[in-house]
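Have a look at the structure below before the remarks.
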2 protein chains.
Amino acid sequence: MAEPLRKDPLDDVFAALADPTRRDMVARLASADATVGQLADPYDMSVQAVSKHLKVLEAAGLVTKVKDGQRRTVHLEAEVFDLMTKWIERYRQEAEARYRRLDAVLAEMDRTPTDPTNDHTTGAGAPT
Amino acid sequence: MAEPLRKDPLDDVFAALADPTRRDMVARLASADATVGQLADPYDMSVQAVSKHLKVLEAAGLVTKVKDGQRRTVHLEAEVFDLMTKWIERYRQEAEARYRRLDAVLAEMDRTPTDPTNDHTTGAGAPT
DNA sequence: GTTCTCCTCAACCAATGGGTTGATGATGAC
DNA sequence: GTCATCATCAACCCATTGGTTGAGGAGAAC
């Protein structure tokens with residue numbers, strides 16, 4: 001018992017997107033590449049701070065930098081997104097399938113009450 | 001300029017899933033509800049630590065606890081996942097559309113080189 | 001050449017996060 | 001009633017994070 005749960009690349013991806021500034025950068029990079037300076041411009045923080053944020057995104061594989069003369073052009077890498085969507089979708093669907101099954105069971109119990117003393121009148125159903 | 005980027009519920013969701021232990025709990029809860037003790041069992045850490053993790057998941061809205069006598073039954077809430085998938089899909093699709101457009105442009109330039117001095121032989125195209 | 005711009009690196013600091021231990025409340029077993 | 005079990009709360013520790021300032025390197029501009 002207790003495998004230490006080895007480090008997963010998803011750790012870095014989720015962590016990177018947990019910061020609103022970094023999510024905003026990703027959002028902006030989705031519509032166009034940008035230099036570090038351009039990215040930093042709207043935010044109320046130093047360029048160095050933005051550079052750090054970019055390093056986090058880069059380490060997570062969400063972004064790559066291309067040296068372009070004096071500037072660095074930042075480019076969004078969309079492939080990593082698939083990792084996340086796959087993880088999320090897998091468990092979301094698994095969970096929803098389970099709820100559907102539960103609903104079916106409850107409906108069945110409702111139709112043929114085998115034991116009337118067992119009143120399942122709690123709101124346990126309807127996963128809304 | 002520099003709106004402080006107001007706190008977004010996605011902050012908590014992404015942050016919650018950035019931890020491998022918490023992702024594992026979510027994975028397990030997808031197939032069945034569980035008590036705190038059952039959840040804690042496989043991990044090499046104290047029950048209190050697991051309780052903290054659950055508080056994080058709960059604050060993010062990923063999980064609810066139902067008092068069930070002495071135990072607390074933990075239940076996965078799949079709705080929040082939609083928030084994430086929507087965010088992710090939006091920007092992934094935006095980015096991919098952009099790449100497709102770029103590919104088209106490059107293909108066009110390749111077919112009808114309007115200015116031969118401008119050698120675009122860099123690997124700028126073909127996203128992978 | 002000098003100077004200016006773009007970006008990164010390094011050191012620092014306050015706050016947060018993930019873990020620990022110890023104590024406590026509430027319920028179930030006897 | 002007493003005692004054990006399940007879970008939480010509180011205090012503490014150390015590592016990480018998100019920001020700062022200051023210094024420096026590599027290119028462009030002159």
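Every value quoted in this text rests on a predicted model; they were computed, and no experiment measured them. Naming convention: chains lettered A, B, ... in sequence-line order (proteins, then strands); numbering from 1 in each chain.
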Whole angstrom value for the distance that separates [atom2] of [N] from [atom1] of [X]:
| X | N | atom1 | atom2 | value |
| --- | --- | --- | --- | --- |
| A:Tyr43 | D:dG18 | OH | P | 14 Å |
| B:Asp68 | D:dC6 | CG | C1' | 12 Å |
| A:Lys52 | D:dT21 | NZ | P | 12 Å |
| A:Met45 | D:dG18 | CE | C1' | 8 Å |
| B:Leu54 | D:dT8 | CG | P | 7 Å |
| A:Asp11 | C:dG17 | CG | P | 16 Å |
| B:Phe14 | D:dT17 | CZ | C1' | 18 Å |
| A:Leu39 | C:dC7 | CG | P | 9 Å |

> For DNA chain C, whose closest nucleotide is more 5', that of A:Lys55 or that of B:His53?
Replying inline: A:Lys55
Below 4.0 angstrom from OP1 or OP2 of [N], is there any side-chain N or O of [X]?
| X | N | answer |
| --- | --- | --- |
| B:Ser51 | D:dA7 | no |
| B:Lys67 | D:dA7 | no |
| B:Arg71 | C:dA26 | no |

> Run the side-chain contact (heavy atoms from CB on, under 4.5 Å) check on A:Tyr43 and A:Met25 step by step: do they pass?
Replying inline: CA-CA 10 Å; A:Tyr43 308 122; A:Met25 292 186 192; 3.5 Å; yes
> Taking 4.0 angstrom as the limit, do A:Arg92 and A:Glu89 come out as a salt bridge?
Replying inline: yes
> How are the rings of B:Phe81 and A:Trp87 set to each other: parallel, tilted or perpendicular (split at 30° and 60°)?
Replying inline: parallel
>> Any donor-acceptor pair, under 3.5 Å, between the side chain of A:Gln48 and the base of D:dG22, if you only look at N and O atoms?
In response: yes
> Among C:dG18, D:dC6, D:dG18, which nucleotide sits nearest the side chain of B:Gln70?
Replying inline: D:dC6
>> Using the rule given for side-chain contact (heavy atoms from CB on, under 4.5 Å), can you reason through B:His75 versus B:Val66, listing the C-alpha separation, both sets of side-chain angles and the distance that settles it, and then say yes or no?
In response: CA-CA 8 Å; B:His75 175 81; B:Val66 170; 5.6 Å; no
> For A:Met45 and A:Thr21, what are the C-alpha separation, side-chain angles and deciding distance, and is it a side-chain contact (heavy atoms from CB on, under 4.5 Å)?
Replying inline: CA-CA 10 Å; A:Met45 69 181 70; A:Thr21 304; 3.9 Å; yes
